[in-house]
Structures are given as C-alpha cells and as structure tokens.
Amino acid sequence: MSRRKKLTLVALGTVVALVLGVTVWVLVAKDYAFHEERVTIPGPRGELHGILATPANEEGPYGLVVFVHDDGPVDADDGDHLKPLWDAFAEAGFASLSWDKPGVEGAPGDWLDQSMHDRATEVDSAIAWVHTRDDIDQTRVGAWGLGQAGWVLPEVARARPDLRFMIAVDPAINWLRQDEFAARAEAVADGDSPGELAATVDRRTKRAALIRRKADYTEYLASHVDVDPMAADRWAFITRNAGSDSTASLTSVPIPTLLLLGGRDRSVDVAETERVYRDRIEPDLLTVKDFPEGTHRLTRNDIEYRGNDIRTVGRSILAPKSVYVPGYLDALRVFAKRQTE
C-alpha cells in the first residue's frame, strides 16, 4: 500500500472516530429521561395550555415541580431551555408541569394583561388541577421559578399548604430597583463611557418617576425618556406591576426554600436578593447556593453572552445540558429529593 493511501486511511479513520465521538456525546448530552404530555388546565381567566413531563424510568405516582416563568412571552418549555431541568427532576422521581403564558403559542388571554397576583392565582389553579391526577403524589409538590417568579412564589407558598418546597433562581426583590440595576449592568457590559452611563441612569430615573405616578402612555411618549419607546401594552404591564416588592411576603414563607444565584446576572441584583432572603426567611428553611460564573438563567457566562456564535448555537441545540453552569442541575435534583424523603 502506498504511503499516500495509508495517510488517507488514517485521516479517514480519524474523521470517523471524531464523528462517532461527537454522536455519542450528543446522544448522552440530550438523552432525556421523561415523557411529555400536552395538558389543558382550568385557569382563573381561561384554560392553560401546558406540558406535563413525567419520569420515563419510574412508575408513578410521581412528585411534581410546578414551573413559574420569568418575564416575556414564554412558552411551556421556554424554547427547550427547561428540558434539562425537567430531566434533572425526573432523575429524582419528579414530574414537571409548565404552561404557555396567556397569548403565547395560541393560548387564550394576554400575559401583558396580568398582575403578579394574577400569576400567583394561575399557579394556585395549576396545583389544584394536580389533585385530579392519579399519577401525581399530592404530598410531594414543589415549585421552581426564575426572575419575576420572585414576586409570585412567596404568595403561592402562603396560599397552598400542600406545597412542600420552592426553588427560586435569581428572583427579583423590588421592581424599580431591579430595572435600574439592569440598566447599569447592561451599560457597563457594553463598555459605555461614564457620560453614557450617567445618561442611561438619568433616563431610568425619569422613567421611574413616570411609572410611580402611573403616567398614561401619551405622557410617557412625550417624555422621550426611552430612545426606543416600548409599546402601549408593555407600558400598561409595567405600571400595573412596578410596585412589586417581595421583601414583606418572604417573612411568611413557611416551606424549605432553595435560593440559587448567578454571580454574572445582569438582570437581578443577586447581592440584594441574597441579603433579603437571609434576613426574611427562617435560617432552618433556607438553603443558598452561589454560582459565580452563572448568568440570570444559570447558564454559563461564556455561553450566554456570546450571542449567535456558532459554538453557542450548536451547544444549545445538540447538548443543552452543557449550557448550564456546572452543579446547577445536580442542585435541583438533590434538593427536591431531600425535601420529600
């Protein structure tokens, strides 16, 4: 055999080995141990369109984790981002329940018409629906929530004596302070000059004043506080909810709580969040885990803020579990299992 043919065969073998290796990695990284069922849940303002993800390797009845979304038009699986979390809970013997926000993916209603109380009532209805399912163990029901869920979960925890635990991921404390923090963090990350940062803060201060007095949309537009003004329905949503503050409600949280914080969060001031949670929730009920390189979703900082880089897109599609900061998915699984053993 000629030297050229030998080199060609070696190169071909290397390529095949790499392809097989990548294929195995993808299969392992995206191997979910749950079954999905589309469900319809009677809600307080119309039906909720949801997904119930049940463990594939266990027989019911299962424990259950109810999911509470962050801001925005989020569908049930948050564009597949929640599936690695559902998988972690499935390993612990828990099903996961999540639903499209009103108006998303054809669901009735409009999430921009909701208050945070409306969202808590929605979660309450979903937990009540769980009691109609023979495959769910009603004594092992918890809740997971991100960001804006920080204003929803404490109310649900007080209203539902059958809720056993809650998991709060980078939950917000005060709406207007969060908005100011996010503006500053984004400006710094974008490399704004001190003058540009000062201008950003000034615009947010003026906007906050409009929000506090519930200025109408016409006055907001006339103020020119935003270079790119928000839509009328978004302005109405913000003025309806801008008084949200979870500080007082956290004092009466009666259940074990896992607080997960990303050190690279640009949306929520996690230092304030941790301080308030430690001050308000009984120490024997609170577990805090910090992930210094975690973002707002607890994805890896080097992935989330790389934009549409092909490596980021490929990893999100082919190996979504690897997008999250190391230790996060294990923390979910371990905490849920311990609370109901």
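Throughout, numbering of the chain's residues begins at 1 and tracks the sequence. Hydrogens, waters and symmetry mates are skipped; everything else that's a heavy atom, side chains included, is used.
- For Asp70, the salt bridge (charged side-chain N to carboxylate O under 4.0 Å, His left out) criterion is met by no residue, not counting sequence neighbours.
- For the pair Arg140 and Phe94, the cation-pi test (distance below 6.0 Å, angle within 45°) is passed.
- Applying the salt bridge (Lys or Arg N to Asp or Glu O under 4.0 Å) definition to pairs two or more places apart or across chains, those involving residues 151-167 are Asp124-Arg160, Arg160-Asp162.
- Applying the side-chain hydrogen bond (donor to acceptor under 3.5 Å, both in side chains) test to Thr218 and every residue at least two apart in sequence or in another chain returns nothing.
- A salt bridge links Arg207 with Asp179; the closest basic N to acidic carboxylate O contact falls under 4.0 Å.
- Of the possible donor and acceptor atoms, one in the side chain of Gln138 sits under 3.5 Å from a partner among the backbone N and O of Ile136.
- Each of Ile167 and Leu153 belongs to its own hydrophobic cluster when Ile, Leu, Val, Met, Phe, Trp and Tyr are linked at side-chain heavy-atom distances under 4.5 angstrom.
- Here the side chains of Leu64 and Ser96 are not in contact, with every heavy-atom distance at 4.5 Å or above.
- For Ser115, the side chain to side chain contact (heavy atoms under 4.5 Å, CB included) test picks out His117, Asp118, Arg240, Asn241, with sequence neighbours left out.
- Looking only at side-chain heavy atoms (C-beta outward), Asp77 and Trp86 come within less than 4.5 Å of each other.
- Here the side chains of Val65 and Phe165 are in contact, with some heavy-atom distance below 4.5 Å.
- The side chain to side chain contact (heavy atoms under 4.5 Å, CB included) test applied to Val39 returns Glu37, Ile41, Leu52, Leu97, Trp129, Arg133, not counting sequence neighbours.
- Within the 4.5 Å cutoff, the side chain of Leu163 has heavy atoms near those of the Ile127 side chain.
- Between Val152 and Val156 the shortest side-chain heavy-atom distance falls below 4.5 Å.
- A donor-acceptor distance shorter than 3.5 angstrom exists from the side chain of Asp170 to the backbone of Gly262, with no hydrogens or angles considered.
- At a threshold of 4.0 Å, the pair Arg275-Asp279 does not count as salt-bridged, since none of the basic side-chain nitrogens sits closer than that to a carboxylate oxygen.
- A donor-acceptor pair is defined here as one N or O able to donate and one able to accept, closer than 3.5 Å; no such pair exists between the side chain of Asp190 and the backbone of Asp192.
- Under the 4.5 Å side-chain criterion, counting only non-hydrogen atoms from C-beta, Tyr220 is not in contact with Ile211.
- Residues satisfying the side-chain hydrogen bond (donor to acceptor under 3.5 Å, both in side chains) test with Glu58, not counting sequence neighbours, are none.
- Environment of CD in Glu282: sparse, with no more than 12 heavy atoms of neighbouring residues, nucleotides or ligands closer than 6.0 Å.
- Identified under the ring-ring contact (aromatic ring centres under 6.0 Å, His included) test for residues 96-116, with sequence neighbours left out: Trp111-Phe237.
- In terms of hydrophobic clustering, with Ile, Leu, Val, Met, Phe, Trp and Tyr side chains grouped at heavy-atom distances under 4.5 Å, Leu258 and Leu261 are assigned to different clusters.
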**Stepwise side chain to side chain contact (heavy atoms under 4.5 Å, CB included) test for Thr295 and Asp265** = CA-CA 4 Å; Thr295 65; Asp265 193 330; over 6 Å; no
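- Linking ILVMFWY side-chain heavy atoms closer than 4.5 Å, directly or via other members, places Leu260 and Val270 in two distinct hydrophobic clusters.
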**Request:** Evaluate the salt bridge (charged side-chain N to carboxylate O under 4.0 Å, His left out) criterion for residues Asp78 and Arg297: first the C-alpha distance (whole Å), next the side-chain angles of each, then the deciding distance (0.1 Å), finally the verdict.
**Result:** CA-CA 11 Å; Asp78 194 5; Arg297 296 174 169 269; 2.8 Å; yes
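- Although no hydrogens or angles enter the test, the distance criterion places no donor-acceptor pair under 3.5 Å between the side chain of Ser267 and the main chain of His296.
- With sequence neighbours excluded, the residues that form a side chain to side chain contact (heavy atoms under 4.5 Å, CB included) with Ala232 are Tyr217.
- Pairs engaging residues 230-239 under the side chain to side chain donor-acceptor pair (under 3.5 Å) rule: Asp71-Arg234 [sequence neighbours left out].
- Ring geometry, Trp175 versus Trp151: the interplanar angle falls under 30°, so the pair is classed parallel (tilted spans 30 to 60°).
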**Message:** If you apply the rule salt bridge (charged side-chain N to carboxylate O under 4.0 Å, His left out), what do you find for Lys83 with Glu36, and how did you get there?
**Reply:** CA-CA 10 Å; Lys83 290 185 177 180; Glu36 293 183 40; 3.2 Å; yes
For residues 326-333, run the donor-acceptor check on the side chains, cut-off 3.5 Å, and write out each pair with its distance to 0.1 Å, sequence neighbours left out.
unit_1, atom_1, unit_2, atom_2, d
Tyr328, OH, Trp144, NE1, 3.2
Asp330, OD1, Arg333, NH2, 3.3

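- Between His49 and Pro108 there is a side-chain heavy-atom pair separated by less than 4.5 Å.
- To the nearest 0.5 Å, the span separating CZ on Phe34 from CG on Asp87 amounts to 6.0 Å.
- Contact annotation: the side chain of Val68 approaches that of Arg119 to within less than 4.5 Å [non-hydrogen atoms, C-beta and beyond].
- Linking Ile, Leu, Val, Met, Phe, Trp and Tyr residues whenever their side-chain heavy atoms come within less than 4.5 Å places Ile51 and Phe89 in a single cluster.
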**Asked** Stepwise, does the side chain to side chain contact (heavy atoms under 4.5 Å, CB included) test hold for Leu285 with Thr257?
**Response** CA-CA 6 Å; Leu285 293 177; Thr257 299; 5.6 Å; no
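- Sorted by first then second residue, the salt bridge (Lys or Arg N to Asp or Glu O under 4.0 Å) pairs that include residues 99-111, not counting sequence neighbours, are Arg38-Asp100.
- Side-chain atoms of Glu272 and Gln178 form no donor-acceptor pair, as typed in the model, at a separation below 3.5 Å.
- Leu259 and Ile281 end up in the same hydrophobic cluster when Ile, Leu, Val, Met, Phe, Trp and Tyr side chains are linked at under 4.5 Å.
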Only distances under 3.5 Å count here; give the side-chain donor-acceptor pairs of residues 246-253 to other protein atoms, sequence neighbours excluded, each with its distance to 0.1 Å.
unit_1, atom_1, unit_2, atom_2, d
Thr247, OG1, Asp245, OD1, 2.6
Ser249, OG, Ser246, O, 3.0
Thr251, OG1, Ala248, O, 3.3
Thr251, OG1, Arg280, NH1, 3.1
Ser252, OG, Ser249, O, 3.2

